[in-house]
Visitor: 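What follows is a single structure, and I will ask about it in a moment.
In what follows, every heavy atom counts, from backbone to side chain, and hydrogens, waters and symmetry copies are set aside. Positions are given from 1, in the same order as the sequence printed here.
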Amino acid sequence: MDLTRRRRDGVPSVVDPRGLFEACYRSKQGGMGTETGNGKEEAMKNGLDVTGMPLPSSSHSSVHSAGSDPQLKQMLDCLKSTKCPAVINYGASWCGVCSQILRPFCRFSTEFKNLTFIYADIDECPETTQNIRYTPTFHFYRDGERVDEMLGTGEERLHDRLWLHS
């Protein structure tokens with residue numbers, strides 16, 4: 001995907017893939033974003049918060065959480081239409097290993113700024129995640145298509161895979 005576009009003065013500028021995803025997702029929600037009064041994204045009461053892990057809002061400000069099947073479907077549609085590179089972490093609130101890798105996943109979202117990071121709890125999105133057989137499972141998307149899958153955990157392993165797809 002060509003992430004450059006021309007400004008009015010003809011100078012190329014880089015398009016922020018996260019910005020494309022954000023705009024698409026907000027439009028599918030009917031223009032209602034997840035921004036708070038200070039302009040920072042806020043985690044929803046589901047998704048990341050359901051894990052019970054105390055994650056400060058700044059640590060996962062660039063991780064989107066899918067708290068229902070319709071939300072996850074909207075996010076997947078946006079990934080396909082914007083063709084933004086992305087990673088989806090499929091986990092569960094009761095899974096200890098999922099909770100262990102969630103903090104590094106959130107931290108990596110600030111390191112790999114060209115990837116869109118999404119967390120989906122399999123219990124909150126049962127219809128959309130019915131083919132997920134192992135938690136955690138990571139799906140990597142490029143140009144709207146799933147190109148890779150990683151089962152299990154390992155902070156260094158996840159970092160290397162993120163680097164490969166960024």
Side-chain angles (χ1 to χ4, degrees), residues 1-7 11-29 33-35 39-44 46-48 51 55 57-91 98 100-122 124-125 128-166:
M1 176 168 116
D2 183 17
L3 294 179
T4 60
R5 66 177 164 194
R6 302 259 175 215
R7 296 188 325 211
V11 177
S13 64
V14 176
V15 176
D16 175 21
R18 282 188 183 175
L20 289 173
F21 176 82
E22 303 269 339
C24 175
Y25 185 60
R26 270 193 296 254
S27 71
K28 288 189 182 286
Q29 286 184 313
T34 57
E35 294 187 2
K40 291 186 179 178
E41 279 187 16
E42 182 181 18
M44 294 177 227
N46 44 34
L48 293 176
T51 64
L55 293 171
S57 61
S58 63
S59 74
H60 57 76
S61 63
S62 49
V63 176
H64 300 276
S65 61
S68 66
D69 282 314
Q71 279 184 334
L72 184 55
K73 287 176 185 176
Q74 285 178 344
M75 290 179 181
L76 290 169
D77 288 344
C78 286
L79 289 179
K80 289 176 183 172
S81 65
T82 61
K83 300 188 178 199
C84 293
V87 57
I88 301 178
N89 175 358
Y90 294 98
C98 299
Q100 289 174 353
I101 198 65
L102 189 57
R103 187 173 295 280
F105 181 75
C106 293
R107 190 176 68 246
F108 292 149
S109 74
T110 60
E111 183 178 339
F112 297 98
K113 295 188 184 300
N114 62 324
L115 289 172
T116 298
F117 283 69
I118 299 171
Y119 174 79
D121 190 297
I122 61 168
E124 294 177 24
C125 309
T128 316
T129 61
Q130 64 185 346
N131 293 324
I132 301 297
R133 298 287 178 234
Y134 187 85
T135 58
T137 294
F138 298 88
H139 285 174
F140 298 87
Y141 289 81
R142 176 167 289 142
D143 295 328
E145 299 295 324
R146 190 174 91 191
V147 294
D148 197 5
E149 177 180 66
M150 183 180 117
L151 303 177
T153 187
E155 189 173 335
E156 187 175 332
R157 193 170 147 232
L158 178 59
H159 182 276
D160 291 347
R161 196 68 66 97
L162 291 167
W163 177 84
L164 179 68
H165 292 288
S166 65

Visitor: Using salt bridge (charged side-chain N to carboxylate O under 4.0 Å, His left out) as the criterion, list what pairs up with E149, not counting sequence neighbours.
Guide: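 With sequence neighbours excluded, E149 shows a salt bridge (charged side-chain N to carboxylate O under 4.0 Å, His left out) to no residue whatsoever.
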Visitor: Could you give the distance from NE2 (H64) to SG (C78), rounded to the nearest 0.5 Å?
Guide: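 H64 atom NE2 to C78 atom SG measures 9.5 Å (nearest 0.5 Å).
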Visitor: To the nearest 0.5 Å, tell me how far T129 OG1 sits from E124 CD.
Guide: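 Answer for the OG1-CD pair, T129 versus E124, is 10.0 Å.
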Visitor: Got T116 and P85 here, is their nearest side-chain heavy-atom distance under 4.5 Å?
Guide: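 T116 vs P85: side chains apart.
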Visitor: Output all residues satisfying salt bridge (charged side-chain N to carboxylate O under 4.0 Å, His left out) with K80, sequence neighbours left out; order by chain, then residue number.
Guide: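 Not a single residue meets the salt bridge (charged side-chain N to carboxylate O under 4.0 Å, His left out) criterion with K80.
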Visitor: How would you list, by chain and number, every residue that makes a salt bridge (charged side-chain N to carboxylate O under 4.0 Å, His left out) with D148, sequence neighbours excluded?
Guide: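 Listed in chain order: R161.
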Visitor: Indicate the atoms forming the closest heavy-atom contact of C98 with G91, along with that distance.
Guide: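 Shortest heavy-atom contact: SG-CA, 3.7 Å.
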Visitor: Look at the rings of F105 and F138 and say which category their plane angle falls in: under 30° parallel, 30 to 60° tilted, over 60° perpendicular.
Guide: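 Tilted.
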Visitor: May I have the step-by-step check of side-chain contact (heavy atoms from CB on, under 4.5 Å) for V147 and H165, ending in yes or no?
Guide: CA-CA 9 Å; V147 294; H165 292 288; 3.9 Å; yes
Visitor: Quick one: OG on S65 to CD on Q71, what's the gap to the nearest 0.5 Å?
Guide: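 Here the interatomic distance stands at 6.5 Å.
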Visitor: Is the H159 to F108 ring centre distance short of 6.0 Å?
Guide: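 Yes, close enough.
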Visitor: With sequence neighbours excluded, what pairs up with Y141 under the ring-ring contact (aromatic ring centres under 6.0 Å, His included) test?
Guide: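 By the ring-ring contact (aromatic ring centres under 6.0 Å, His included) rule, Y141 matches no residue at all.
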Visitor: With T135, which residues qualify under side-chain hydrogen bond (donor to acceptor under 3.5 Å, both in side chains), at least two apart?
Guide: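 With neighbours one apart ignored, the set is empty.
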Visitor: Identify, with sequence neighbours excluded, every residue that meets side-chain contact (heavy atoms from CB on, under 4.5 Å) alongside A120.
Guide: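 Residues passing side-chain contact (heavy atoms from CB on, under 4.5 Å) with A120: A66, L72, I88, Y90.
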Visitor: Compare every heavy atom of I101 with every heavy atom of P104, then report the nearest pair and how far apart it is.
Guide: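 Shortest heavy-atom separation between P104 and I101 comes out as CD-O, 3.2 Å.
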Visitor: Can you tell me how far apart CD (Q100) and CG (L102) are? Round to the nearest 0.5 Å.
Guide: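 With rounding to 0.5 Å, CD (Q100) is 11.0 Å from CG (L102).
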Visitor: Check this for me, if you would: do E155 and R107 make a salt bridge, where the nitrogen-to-carboxylate-oxygen distance has to be below 4.0 angstrom?
Guide: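 Salt bridge between E155 and R107, a charged N being under 4.0 Å from a carboxylate O: yes.
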Visitor: With a 3.5 Å distance limit and no angle check, can you tell me whether D69 reaches the backbone of T128 through a side-chain donor-acceptor pair?
Guide: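 Yes: the side chain of D69 pairs with the backbone of T128.
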Visitor: Would you call H139 and V87 a side-chain contact if the rule is heavy atoms closer than 4.5 Å?
Guide: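 H139 does not reach V87 side chain to side chain.
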Visitor: Side-chain contact, heavy-atom cut-off 4.5 Å: F117 with L115?
Guide: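 Of all side-chain heavy-atom pairs linking L115 with F117, at least one is under 4.5 Å.
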Visitor: Can you name the nearest heavy-atom pair linking V63 to C106, along with the distance?
Guide: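 Shortest heavy-atom contact: CG2-CA, 4.0 Å.
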Visitor: Identify the heavy atoms of S68 and C125 that sit nearest to each other, and give their distance.
Guide: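 Residues S68 and C125, closest heavy atoms: O-SG, 3.4 Å.
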Visitor: State whether the side chain of R142 and the backbone N or O of C84 hold a donor-acceptor pair below 3.5 Å, judged by distance alone.
Guide: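 Pair absent, no side-chain N/O of R142 close to backbone of C84.
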Visitor: Please list, chain by chain and in numerical order, all residues satisfying side-chain contact (heavy atoms from CB on, under 4.5 Å) with R157, sequence neighbours excluded.
Guide: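 R157: side-chain contact (heavy atoms from CB on, under 4.5 Å) contacts with M150.
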Visitor: Roughly how far, to the nearest 0.5 Å, is the CD1 atom of I132 from the CG atom of L151?
Guide: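 Spacing of CG (L151) from CD1 (I132) equals 8.5 Å.
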Visitor: So do N89 and I118 actually touch side chain to side chain, heavy atoms under 4.5 Å?
Guide: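 I118 does not reach N89 side chain to side chain.
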